[in-house]
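Taking it in order: structure first as structure tokens, then the write-up.
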Amino acid sequence: MNYKPETKFVRSERGGHVHYEGSRGKADYNECYKPYFEEISYAVGDNGRVSGIRKNGLKYKGYVISTGKMNEKKAFYVIPEIDEDHEVSVSDEQIKEAVRAFQIDYNRRKNGLKDKKGKFIEFFDLPHDGETRPVFYIELGGRLYFGYTPRLRLMFEHTILDGLHQEEEITDFSKNMFGYSRQNGDSHKSRLFFTDAVITNQATVLQPKNLILAEPKPTSYLEYVCQNDGKPVKTYNDKDFRLRGTKQYWLQNTVNDGIASDKENVKSTIKPLKEGCTFEGKTRFQNLTALELGLLIWSVRLEKDSQMNVGKAKAYGYGRIKVNKTDLYLQNQQSAYIPGLEGLSDVQMVKLSEEERDTFINAYKVFLADWLKGEEHSASSWTSCHAAVFAEEDQKWAQKVLLQNPSLGDFFYMKKRVASGQMVQYMSLEKKPGSQNFGIFKQKNNPLPTVFDYRQNDSNRKKQFLKGEQQSGTDV
């Protein structure tokens, strides 16, 4: 069993539920425990419950099955032997889908299904050829599910991709620049090439950190699916569900250790660099239009005072960077035809001024603002290699339109807003002062605040502050 035979249990109440736990905590755990099943005989009492278990000699035959370790677990299960007289009719397709569902779940949890020596526990895998194992099963919605626990993981009715509600595949700026390959054979090669960013000053490597960097879980539908206030919770089983948006991480004012772990099967080791490192890299491009070039530069530079985060430990505050300099060089195509030059490697590169560089960005901004508003400026150069020059009032109009767009407004807010405290903390699985509890959050079925909610709160606080300053006669 999970606990040692001499364990004494203590009754307690938490969160409206009764718990029975070992009085000595982890000292009561049976470290030698492994999940198992075994053939047994058993008796059934007048109340229909199992009243006795022996290896042999009792009226009924079956299996006893005890699954993986779980805190407070004090039960095992008895499954009757195969009843040859009562068959369960299932189709080949149902069996195929049931095995597929089992393998998807098993592969996702495989790294956590190891013993203390790091070996996989075969108990949780499919039976070998000719082997018989007791399982739990359920038929639901025309699908068959089976596994080694009575609490089976069920598949959602729809895939995550269904939440996009995109009826046709379009070729946008991103696909046009980075390239694509489609199932119908249509393809387009990339016109961009990115070099590695190399360190240009003295870098200090800090002590390695072991962190848990878990992937998004579909069961976290409150975070990833749009919800309607005051209405039933939307999940991937609803035909009209919509994905909540693009996942991004807040900029953080400090680095936190988050959830640390020394377990080889779940930990990721990072080697962070001390703040103050500078990097330099290059992006090469070919045959971009003026608008595509403007978008490329804008996506690297972003807005004034914008920052971004890179790397695999963004959730813990690592990888916060700022792009300080973006130089733009264009080829002088005429120099390729100067006698005596050997190939494209000798083509002259011309560095553009900041004003000339920003002309490409402003052209794309006006184009995007036009598209969002359904309007069109009289510019014949949208697909040419030269950027149109717009008046300052047009640029200001475009900037206002872009930042009023909910998606773009949220995006650039997150590139400037430096968060801290509960805003970026992982929810606690236990009740701790000053922290949010994940269990309570799930029980309430309330989604997390959106980026727009935080924008509104910041805006309201700013208005209240300015109102107070004006009432007190202070200059602002």
Side-chain angles (χ1 to χ4, degrees), residues 33-42 44 48-50 53 59-70 73 75-115 119-165 183-184 214-221 224-225 233-241 243 265-266:
Y33 173 81
K34 290 183 179 180
Y36 68 93
F37 66 90
E38 187 174 344
E39 291 188 57
I40 50 118
S41 65
Y42 65 96
V44 178
R49 301 174 68 90
V50 174
I53 295 177
K59 182 176 181 180
Y60 301 101
K61 293 183 179 181
Y63 296 87
V64 61
I65 182 171
S66 185
T67 55
K69 280 189 176 182
M70 184 183 296
K73 183 175 181 179
F76 51 84
Y77 305 95
V78 173
I79 297 180
E81 66 178 335
I82 297 176
D83 187 350
E84 302 286 355
D85 297 327
H86 296 83
E87 294 184 353
V88 177
S89 179
V90 293
S91 66
D92 292 340
E93 186 62 28
Q94 282 181 305
I95 295 174
K96 182 179 178 180
E97 283 296 311
V99 172
R100 176 174 169 269
F102 177 92
Q103 289 178 324
I104 289 174
D105 181 49
Y106 174 73
N107 289 332
R108 287 180 64 89
R109 299 186 299 119
K110 191 173 182 180
N111 286 338
L113 303 177
K114 296 180 181 179
D115 59 22
K119 294 183 178 180
F120 286 111
I121 302 175
E122 290 190 5
F123 172 88
F124 296 103
D125 202 351
L126 288 170
H128 301 294
D129 290 341
E131 182 184 8
T132 300
R133 291 190 189 180
V135 296
F136 299 88
Y137 74 93
I138 183 174
E139 189 174 5
L140 190 66
R143 287 178 172 171
L144 180 70
Y145 300 93
F146 70 90
Y148 302 114
T149 170
R151 295 172 180 82
L152 301 173
R153 190 181 297 272
L154 307 181
M155 295 183 69
F156 287 111
E157 293 294 325
H158 304 284
T159 66
I160 294 175
L161 192 61
D162 293 333
L164 288 177
H165 293 276
Q183 292 182 348
N184 62 3
E215 61 183 4
K217 298 295 189 293
T219 48
S220 299
Y221 44 81
Y224 297 119
V225 174
V233 174
K234 290 281 186 182
T235 71
Y236 303 99
N237 286 332
D238 294 289
K239 187 176 181 179
D240 60 343
F241 87 93
L243 297 179
N265 56 330
V266 296

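Numbers for residues simply follow the sequence, beginning at 1. Computed from heavy atoms alone, side chains included, the values below leave out hydrogens, waters and symmetry copies.
- In this structure, Phe123 and Ser66 approach most closely via the heavy-atom pair CZ-O, 4.0 Å.
- In this structure, CZ in Arg100 is found 4.5 Å from CE in Met155, a value given to the nearest 0.5 Å.
- Residues Thr149 and Tyr77 are not in side-chain contact: their nearest non-hydrogen atoms beyond the backbone lie 4.5 Å or more apart.
- Between Leu126 and Gln103 there is a side-chain heavy-atom pair separated by less than 4.5 Å.
- Screening residues 147-161 for salt bridge (charged side-chain N to carboxylate O under 4.0 Å, His left out) gives Asp105-Arg153 as the qualifying pairs, with residues at least two apart or on separate chains.
- Within the 4.5 Å cutoff, side-chain heavy atoms of Pro35 are placed close to those of Phe124.
- Side-chain atoms of Phe136 and Ile65, non-hydrogen and from C-beta on, do get closer than 4.5 Å to each other.
- In terms of heavy-atom proximity, Leu152 sits nearest to Gly147 at CD2-N, 3.5 Å.
- Put simply, the residue from Tyr221, Tyr224, Phe156 that forms a ring-ring contact (aromatic ring centres under 6.0 Å, His included) with Tyr236 is Phe156.
- The pair Glu93-Lys96 does not count as a salt bridge, with every side-chain nitrogen at least 4.0 angstrom from each carboxylate oxygen.
- For Gly62 against Tyr42, the heavy-atom pair with the smallest separation is N-CE2, 4.0 Å.
- Sorted by first and then second residue, the side chain to side chain donor-acceptor pair (under 3.5 Å) pairs with a member in residues 138-147 read Gln94-Glu139; sequence neighbours excluded.
- At least one donor-acceptor pair closer than 3.5 Å links the side chain of Asp83 to the backbone N or O of Asp85.
- Counting heavy atoms from C-beta outward, Leu243 and Ile160 have side chains that approach closer than 4.5 Å.
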Yes or no on side-chain contact (heavy atoms from CB on, under 4.5 Å) for His158 and Lys239, after CA distance, side-chain angles and deciding distance? CA-CA 7 Å; His158 304 284; Lys239 187 176 181 179; 3.9 Å; yes

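- The local environment of CD in Glu87 is sparse, with at most 12 non-hydrogen atoms from other residues, nucleotides or ligands closer than 6.0 Å.
- Contact annotation: the side chain of Leu144 never approaches that of Val88 to less than 4.5 Å [non-hydrogen atoms, C-beta and beyond].
- In Asp92, the CG atom is not crowded: 12 or fewer heavy atoms of neighbouring residues, nucleotides or ligands sit closer than 6.0 Å.
- To the nearest 0.5 Å, atoms CG (Asp162) and CG (Asp240) are separated by 12.0 Å.
- Taking each heavy atom of Thr132 and Tyr63 in turn, the nearest pair found is CG2-OH, 4.2 Å.
- Counting only heavy atoms from C-beta outward, the side chains of Tyr148 and Phe102 approach each other to under 4.5 Å.
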